[in-house]
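Worth saying up front: this structure is predicted, and the values here are computed from it rather than measured. All values below come from the heavy atoms of this structure, side chains included, with hydrogens, waters and symmetry mates left out.
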Number of protein chains: 2
Amino acid sequence: MAVGRGLARRLAKYLRCVAALREEGLDAVSSWMLGEYTGVNPAQVRRDLAGLGIGGTRGVGYETEEVFGTLRRVLGLDRVHDVVLVGAGRLGTAVAGSELLVKRGFRVAQLFDRDPAKIGRRVGNLTVRDVRELDGGERMPEIGIIAVPSQNAQEVADRLVASGVVVIVNYTDALLHVPAGVQVHDVDPSSQLMHTLYYLTRSGEEIPA
Amino acid sequence: MAVGRGLARRLAKYLRCVAALREEGLDAVSSWMLGEYTGVNPAQVRRDLAGLGIGGTRGVGYETEEVFGTLRRVLGLDRVHDVVLVGAGRLGTAVAGSELLVKRGFRVAQLFDRDPAKIGRRVGNLTVRDVRELDGGERMPEIGIIAVPSQNAQEVADRLVASGVVVIVNYTDALLHVPAGVQVHDVDPSSQLMHTLYYLTRSGEEIPA
DNA sequence: AACTGTGAAGGGTTTCACAGCC
DNA sequence: GGCTGTGAAACCCTTCACAGTT
């Protein structure tokens, strides 16, 4: 099955949606409802679920519990994934202290910074280490988060890649250059807003979902 | 021209790339180079630029200055855009104090929180206001950023929408339900990582760009 | 030699529409 | 009546390939 990229993003949305509905006690969910909340066409929802082997009951919908469980397993969220975080400034500590990552099964296992004043300090239950120790000599998580000033982002990315990271969440506005096989997710607000403006300045037009 | 959504994202990438090359003093840039740095196929780059009316010179490439200027204009970055930020916690203040937004022409014009201990305080050159004043009675920016605890996110989103916001950058993991016409960008790290895991757990497979 | 501009092919995704089932 | 499951069509996007230009 040549898995499209859009699918993975949709699955994540379904999961968030079904997780919320599950907490509300619903034990059946329809493709229409999932579509409504996630902005996906109901037919597409059915296709996606069928593709995962999740079958529904006609006239009723899908079993909430089954959808939830299968999505978690398929997305790999039934295990804990370690994450290495670089940058112990305001943003970095906000991320490190956030419950969001923990809720989804991510654990910040390492915290680095270059500032000697920060190295050795404790943030939560982590000790800030010198970023120069991030050199590939040590077994590291596959996931890295960059929360440093933009001008140091590429250098940090290089170190992360060298130490085995294959997924980078980039909080800076630097355009990172990484080898093929390494994924970068840009999450700085200006990146998000930039391509949104494109539609804002053309207000009135339909926005593709 | 029925504008695809992928295009807007690519344009933002081209701009970041060409901005960097411009600062290095290059006055011509090829589709190959733009593609290399942004991970886009060169043919696609040429298509995109041609679609914007940017013509290149065969054998040479595109004029850096023209590409830069046109992209900025098309993306609406030649004007300053006001932003309303809700949440004055660690994350909120990190965002408010960030240079990233300013660099791209965004200005945090309003800062709200619900915590009485924070209301009235100054963050940078902003005064934290009571989130209850965010009720649509006042002319507000079209762009909002949510940096509050997840459980309050939907309520804040409702207030933002009521006050005229049409683009929301959501730092929480809540799945926001908004009227058609309002765009939500989820930037919490777990959202980004969730669909990435899908590929991580299938490591070795090709990842669609 | 280098690079643009574009017809044409290819692939994947989204949507419609409706038969089948509860 | 409500909803799933799926052929089939439409659509969009992407990529190849190459003629054309400097």
Any [X] side-chain N or O less than 4.0 Å from OP1/OP2 of [N]:
X: B:Ser31; N: C:dC3; result: no
X: B:Asn41; N: D:dC13; result: no
X: B:Arg10; N: D:dT14; result: yes

Quick one: [X] [atom1] to [N] [atom2], roughly how many Å, whole number?
X: A:Leu34; N: D:dC3; atom1: CG; atom2: C1'; answer: 13 Å
X: A:Asp48; N: D:dT4; atom1: CG; atom2: P; answer: 13 Å
X: B:Arg46; N: D:dC16; atom1: CZ; atom2: P; answer: 11 Å
X: B:Leu49; N: C:dT4; atom1: CG; atom2: P; answer: 9 Å
X: B:Ile54; N: C:dG5; atom1: CD1; atom2: C1'; answer: 14 Å
X: B:Leu52; N: C:dT4; atom1: CG; atom2: P; answer: 15 Å
X: B:Gln44; N: C:dG12; atom1: CD; atom2: P; answer: 16 Å

Is it true that atom CD of A:Glu138 has more than 12 heavy atoms of other residues, nucleotides or ligands lying nearer than 6.0 Å?
-> yes
The side-chain contact (heavy atoms from CB on, under 4.5 Å) partner of A:Val161 among A:Val166, A:Val182, A:Val156, A:Leu176 is A:Val182
Quickly, which of A:Leu71, A:Val29, A:Val40, A:Thr38 forms a side-chain contact (heavy atoms from CB on, under 4.5 Å) with A:Cys17? Name it, please.
-> A:Thr38
Scan residues 40-54 of chain B for pairs that pass salt bridge (Lys or Arg N to Asp or Glu O under 4.0 Å), counting only residues two or more places apart or in two chains.
-> B:Arg10-B:Asp48
Ignoring hydrogens and angles, answer whether the base of D:dT4 and the side-chain atoms of A:Arg47 contain a donor-acceptor pair closer than 3.5 Å.
-> no
Nucleic acid contacts of residues 58-67 of chain B, taken as heavy-atom distances under 4.0 Å to DNA chain C | B:Arg58, B:Gly59, B:Val60, B:Gly61, B:Tyr62
Who passes ring pair (Phe, Tyr, Trp, His ring centres under 6.0 Å) against A:Tyr37, sequence neighbours left out?
-> B:His177
Contacts of A:Val40 and A:Thr57 projected onto DNA chain C by closest heavy atom; the upstream (5') one is A:Val40
With a 3.5 Å cut-off and no angle check, do the side chains of A:Arg90 and B:Ser98 form a donor-acceptor pair?
-> no
Does the side chain of A:Leu134 reach to within under 4.5 Å of the side chain of A:Leu160, using non-hydrogen atoms?
-> yes
